[in-house]
Number of protein chains: 2
Amino acid sequence: MPNQGNTTTQMAGSSSTSLAAAEKPASPRRTRNKPEERHKEFVRKAIELFAEVGFEAGTRELAQRLGVTQPLLYRYFPSKDDLIAAVYQEIYVNRWKKEWRDGLIDESRPIRERIIAFYEDYTSTIFTPEWIRIYIFAGLRGVDINRRYAATVEAEILRPITLATRHSFGLGGQEPPTAEEVELFWTLQGGIFYYGVREIVYQFPMPVDRATMIRNAVDTFLTGVGPVLKRLAERENVAG
Amino acid sequence: MPNQGNTTTQMAGSSSTSLAAAEKPASPRRTRNKPEERHKEFVRKAIELFAEVGFEAGTRELAQRLGVTQPLLYRYFPSKDDLIAAVYQEIYVNRWKKEWRDGLIDESRPIRERIIAFYEDYTSTIFTPEWIRIYIFAGLRGVDINRRYAATVEAEILRPITLATRHSFGLGGQEPPTAEEVELFWTLQGGIFYYGVREIVYQFPMPVDRATMIRNAVDTFLTGVGPVLKRLAERENVAG
DNA sequence: CATGTTATTTATCGAACGATAATTAACATG
DNA sequence: CATGTTAATTATCGTTCGATAAATAACATG
């Protein structure tokens with residue numbers, strides 16, 4: 001049934017003609033593409049598929065969506081795990097913006113403005129099904145990816161925010177933020193992140209739009225964090 | 001334990017003796033148990049296994065851990081999905097405490113105390129690999145469970161907290177909390193929940209203990225939420 | 001102790017999976 | 001236009017999965 005008919009095989013396209021058995025789009029032989037493009041194309045579609053189904057998604061399903069045969073995948077990725085690694089790289093490394101940190105430590109703007117601007121841009125990057133769902137899939141599958149990512153968030157975002165906030169309250173000097181201080185900002189980070197999880201993963205109806213949520217959360221946090229930071233700083237001075 | 005084996009079938013236990021082919025613990029025939037106990041036992045072990053591996057965990061692996069054969073599972077659960085449903089029921093329905101709501105609306109204690117006490121007890125219930133990991137697995141697999149659970153959290157926890165906090169600030173009356181108000185408390189909830197995710201799922205080293213984190217997060221929140229709630233209430237009064 | 005019920009096991013099916021080897025055809029080069 | 005390279009396909013292997021049917025043995029009852 002592979003149909004080698006030299007006649008009308010062309011328009012096998014993708015849909016409608018598929019028989020009950022599925023899987024084979026009935027197009028024998030396709031065009032020949034450049035390896036780099038194929039590689040990118042494969043990763044892009046893999047992200048799409050994994051975000052939907054998870055990493056248990058079959059290589060046959062992926063091949064079908066790409067309009068190629070399943071063994072072709074193994075010409076570009078030695079194993080499925082290598083494909084998954086490429087997916088991680090694309091999402092969590094290539095999409096990170098160095099400007100986030102720069103904006104946060106830019107003392108020419110008020111701290112509130114900086115933090116709100118950061119979270120608006122950051123959430124516009126990560127609040128997609130691809131980013132969030134794959135991030136969560138990754139965390140359940142193994143801890144490496146997420147630990148590394150969390151370490152980056154802490155080093156590049158939360159510690160700078162902590163120091164900047166401390167300064168804006170006229171507290172402390174250059175000493176590195178304590179774990180307890182950083183933990184405070186983790187709860188802000190987590191609270192905002194969980195908004196995205198409810199919206200995108202649990203598909204909860206979200207009556208409050210993202211910008212409003214961020215503004216209220218940051219306002220609440222910045223108003224309340226002053227006294228707590230002060231208390232922590234005093235305790236630190238006594239202890240140290 | 002069970003196994004009244006009249007000979008040496010005893011030590012079929014679990015390890016070492018397993019041949020290369022694996023799967024069969026070499027114990028032919030076991031004792032006969034009461035159906036209700038089996039049912040409970042199966043669910044209990046299924047929770048354990050699913051928390052580790054996810055719902056893709058094989059029924060053969062589960063059977064092996066139970067010391068029974070795989071087809072026996074199908075005498076107690078018509079399909080794997082029914083087993084999963086029983087797991088959900090056990091974790092997310094049976095472990096819910098009505099006292100949480102009662103404690104939160106008990107106006108004889110200060111609001112700060114009530115909220116901190118609630119989160120300490122709540123986290124002591126849900127900050128286990130079983131609860132958190134299965135909750136997250138469930139959310140990626142389908143939205144029903146988590147949507148239902150989130151609706152319960154909102155109705156039984158967050159709305160009461162919102163009203164109680166409003167009162168403690170001398171704001172508003174009996175009007176139901178607005179979506180924007182509730183959303184504020186969702187960020188607190190999410191921030192605390194994400195602490196558990198980092199600890200249990202991502203296995204991040206947590207230098208700040210749970211109680212301290214809760215105290216700081218609630219203090220920050222309660223200090224900061226007053227002005228924001230007030231602003232929202234005023235806007236509401238003008239608009240309404 | 002004989003008998004009936006049913007909890008449990010043995011054996012097996014069909015589908016789907018990741019992966020490999022061998023074959024075929026698209027394209028670049030002379 | 002003949003030729004070599006390699007992108008892409010066909011065919012297939014071995015494993016694992018959820019699930020079912022039939023055989024067997026534990027226990028209750030008389």
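Chain naming here is simple, since letters A, B, ... match the order of the sequence lines and numbering starts at 1 in each.
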d(NZ, Lys80(A); C1', dT20(C)) in whole Å
17 Å
Look at the side-chain N and O atoms of Thr59(A) and state whether any lies under 4.0 Å from the OP1 or OP2 oxygen of dG18(C).
yes
Derivation and outcome, ring-ring contact (aromatic ring centres under 6.0 Å, His included), residues Tyr194(A) and Phe185(B)
CA-CA 12 Å; Tyr194(A) 201 59; Phe185(B) 289 81; over 10 Å; no
Looking at the side chain of Thr69(A), which of dG18(D), dT9(C), dT10(D) is the nearest nucleotide?
dT10(D)
Without swapping roles, check the side chain of Tyr92(A) against the backbone of Trp131(A) for a donor-acceptor pair under 3.5 Å.
yes
Pick the nucleotide of DNA chain D nearest each of Glu61(B) and Lys34(A); which residue has the one closer to the 5' end?
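Whichever sits nearer the 5' end wins; that is Lys34(A).
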Rounded to whole angstroms, how far apart are CG on Leu72(A) and C1' on dA8(D)?
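Nearest whole value for this atom pair: 6 Å.
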Under 4.0 Å between a side-chain N or O of Tyr76(B) and OP1 or OP2 of dT8(C)?
yes
Do Arg198(A) and Trp186(B) form a cation-pi contact, if we require the NZ or CZ to be under 6.0 Å from the six-membered ring centre and within 45 degrees of the ring's axis?
yes
Gap between atom CD of Glu181(B) and atom CG of Asn216(A) - 0.5 Å precision:
10.0 Å
Side chain of Pro71(A): nearest nucleotide among dA8(D), dT9(D), dA7(C)?
dT9(D)
Contact class for Phe77(A) (heavy atom, under 4.0 Å): base, sugar-phosphate, or nothing?
nothing
What nucleic acid atoms does Ala57(A) come within less than 4.0 Å of, heavy atoms only: base, sugar-phosphate, or nothing?
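Result for Ala57(A) = sugar-phosphate.
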Rounded to whole Å, how long is the line connecting atom CG of Leu73(A) with atom C1' of dC17(C)?
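Spelled out: CG on Leu73(A) to C1' on dC17(C) is 13 Å.
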Quick check on the helix from dC1(C)-dG30(D) to dG30(C)-dC1(D): what's the angle between its two end axes, five base pairs per end, to the nearest 10°?
0°
What nucleotide, of dA8(D), dT9(C), dT20(D), holds the atom closest to the side chain of Tyr74(B)?
dT20(D)
Looking only at side-chain N and O atoms, does Arg60(B) come under 4.0 Å of OP1 or OP2 in dA19(D)?
no
Partners meeting side-chain hydrogen bond (donor to acceptor under 3.5 Å, both in side chains) with Arg65(B) (sequence neighbours left out)
Glu52(B), Glu61(B)
Over-ring placement of Arg210(A) relative to Phe127(A), 6.0 Å and 45° cut-offs
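Verdict for Phe127(A): no cation-pi partner in Arg210(A).
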Between the base of dA7(D) and the side chain of Arg75(A), is one N or O donor paired with an acceptor at under 3.5 angstrom?
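Checked by distance alone, the answer is yes.
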